[in-house]
Amino acid sequence: MPKMPLRQVPAPRPIFEKSSPGRIGCNLPVADTPAVDMGAVVGQTRDDLGLPEVGELEALRHFTNLAQINYGIDTGFYPLGSCTMKYNPRINERTAALPGFAALHPMQPVETIQGALEILHGVQEMLKAITGFPHISLQPVAGAHGEMTCLMLVKAYHESRGEGGTRRVVLVPDSAHGTNPASAARCGYSVKSIPTDADGNTDLAALEKALDGSVAAFMVTNPSTLGLFEPNIARVCELVHAAGGMVFCDGANMNAMVGTTRPGDHGFDCMHLNLHKTFSTPHGGGGPGCGAIGVVEALEPFLPVPIVEKTSEGYRLVDDRPATIGRVSPFFGQFLMEVRAYTYLRAYGKERMADISRHAVLNANYIMARVRHVLPPAYDRPCMHECVLTAKQYKKFGVRALDISKRLIDYGFHPPTNYFPLIVPEAIMIEPTETESKETLDAFCDALIAICKEAEENPDVLHAAPTSQIVGRLDETKAVKDLDVRWRKPE
Ligand SMILES: Cc1ncc(COP(=O)(O)O)c(C=O)c1O
């Protein structure tokens, strides 16, 4: 058993149940305008709305207590593989909150937003240097959006060469993130799966067999979702190019390579980055993120607009590009995310950039080495920034990867990713990121080792987990498909 469960908090009562008629939580000055009869104007009074009536302190405590039962990177280790839940340095928030950025209106004349454009241009230039691509667009607002934008560029490219009608297939590895085939299908392509070989790499023979004049592109994640660097990447690119296709790099795993090696040098034609992973801007449910893309010269004419350009008179937004695919997001994309990414990049600096990927890779390999006797790697070779382990040996005790993950919650850790990539049985995918200390990694490994012992000796403890939280095991399908968190006044 863990020495100390993470938190034992009573389930909070909804604020509605703390309500008492006549209590007021804010102090407004006496109105100097005539009172309006809301019932007459909008057909409802304040009473009809059923708003909670609580004092200021009660409201403050309510929300502070709610915030304390949330689990985030600020409260603990968050090794959610593929998601790069890294620490978002506070200085990013300070710069993003500067009034000159935060209060900017997206329709201000260009002469009045030169500082903002300098930031966007600066991010573009730094991402060029990091990825090795000569052109960058900051317009897409999520990783999946970046993937789709790249495929739209690939489509425009083939159409410009009169091959739009024949190149109708996009190849995707069987280990790919679900957004890859979804992006291809969204662009009207049919998707063919390419198997992974016994070492965890692209099966080159299968790839060669699939390549013909119908292929528009191959989408490769490097390092792959298995946490492995694709050693044949140059050959993969050569083969696809020889068949007239383009190669897209899913760069969601760029945290393994930043400052160390550049996809633009590996032979790729385009890539997306997740600034909300690699460059420490916060994740949010569905955004706001930034799925910046990098492209080679051949795709540059089709880039979405606007592009930020530096001229002798200052910065300008370029919209008049005849072959562009158009806009993929309003205004400048997620501007404040760019401010955060800019801050992060400048704070690290060119010289220290490689520390990010080196430490991320070191941390993942450390975890893999410490727990491999209880959770062996799916492919037995050094990993990159995350390791994919298998819990299949515990199936004979009736224990699944999910049970191990749920038990980790009782030990005070956020669970890692489970059952992804789909090709690994009972997958546990751990991404520690670069910012965690050895003590934290050790505590996490100790917990995993202890849980695996429990799996053999007392599997029911795992089946019941988590028991230290407000809620236990949820029906996850129902929670997604049939979520109902409304409070209703008792009859
Ligand atoms: C490998 C990979 N590709 C693409 C994506 C999609 O990124 P986003 O969630 O920003 O759309 C993810 C997200 O987890 C990912 O892990």
Side-chain angles (χ1 to χ4, degrees), residues 4-78 85-106 276 280-289 334-337 339-340 343-344 409 412-414 466-472 474 479-480 482-491:
M4 176 87 82
L6 175 62
R7 297 181 192 93
Q8 269 173 336
V9 260
R13 283 192 303 140
I15 195 164
F16 296 94
E17 289 178 9
K18 297 175 184 166
S19 179
S20 179
R23 289 202 181 144
I24 295 171
C26 59
N27 218 349
L28 296 177
V30 178
D32 57 359
T33 52
V36 173
D37 179 355
M38 262 178 73
V41 179
V42 293
Q44 273 191 324
T45 65
R46 195 178 187 284
D47 289 344
D48 294 330
L49 296 177
L51 297 175
E53 295 178 78
V54 291
E56 182 176 325
L57 178 58
E58 192 62 51
L60 179 79
R61 284 190 182 145
H62 179 76
F63 289 108
T64 303
N65 286 329
L66 281 186
Q68 285 176 357
I69 55 174
N70 195 16
Y71 189 98
I73 191 73
D74 291 353
T75 49
F77 188 46
Y78 207 140
M85 304 302 290
K86 69 160 81 171
Y87 170 59
N88 309 142
R90 283 301 170 269
I91 189 168
N92 295 0
E93 298 307 316
R94 287 180 69 175
T95 48
L98 289 172
F101 296 137
L104 203 72
H105 193 282
H276 48 289
S280 87
T281 73
H283 288 248
Q334 305 282 20
F335 173 64
L336 291 178
M337 290 300 136
V339 177
R340 291 178 171 96
T343 310
Y344 178 74
I409 298 172
F413 295 103
H414 192 285
T467 53
S468 58
Q469 302 297 309
I470 290 166
V471 290
L474 298 175
V480 171
D482 194 17
L483 185 66
D484 182 359
V485 289
R486 270 171 305 171
W487 179 81
R488 291 179 187 81
K489 209 174 189 162
E491 294 298 323

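Numbers here simply count residues along the sequence, with the first being 1.
Under the rule for a side-chain contact (heavy atoms from CB on, under 4.5 Å), R94 has no partner lying at least two apart in sequence or in another chain. For E93, the salt bridge (Lys or Arg N to Asp or Glu O under 4.0 Å) test picks out R340, with sequence neighbours left out. Here D47 pairs with nothing under the side-chain hydrogen bond (donor to acceptor under 3.5 Å, both in side chains) rule; sequence neighbours left out. Remark: H414 engages Y71, Y78, P79, L80 in a side-chain contact (heavy atoms from CB on, under 4.5 Å) (not counting sequence neighbours). For L66, the side-chain contact (heavy atoms from CB on, under 4.5 Å) test picks out P12, H62, F63, I69, with sequence neighbours left out. Every residue was checked against the side-chain hydrogen bond (donor to acceptor under 3.5 Å, both in side chains) condition with S19, not counting sequence neighbours, and none meets it. Applying the salt bridge (Lys or Arg N to Asp or Glu O under 4.0 Å) rule to D482 yields the partners K478; only residues at least two apart in sequence or on another chain are considered.
Listed by first and then second residue, the ring pair (Phe, Tyr, Trp, His ring centres under 6.0 Å) pairs involving residues 15-42 are F16-W487 (not counting sequence neighbours). Sorted by first and then second residue, the ring pair (Phe, Tyr, Trp, His ring centres under 6.0 Å) pairs involving residues 26-60 (not counting sequence neighbours) form an empty list. Among pairs with a residue in residues 27-54, none fulfils ring pair (Phe, Tyr, Trp, His ring centres under 6.0 Å), at least two apart in sequence or across chains. Within the structure, the salt bridge (charged side-chain N to carboxylate O under 4.0 Å, His left out) test picks out the following pairs touching residues 57-74 (sequence neighbours left out): D74-R90.
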Distance-only check: which donor-acceptor pairs under 3.5 Å involve side-chain atoms of residues 24-38, not counting sequence neighbours?
residue, atom, partner, partner atom, Å
D37, OD1, G39, N, 3.1
D37, OD1, A40, N, 3.4

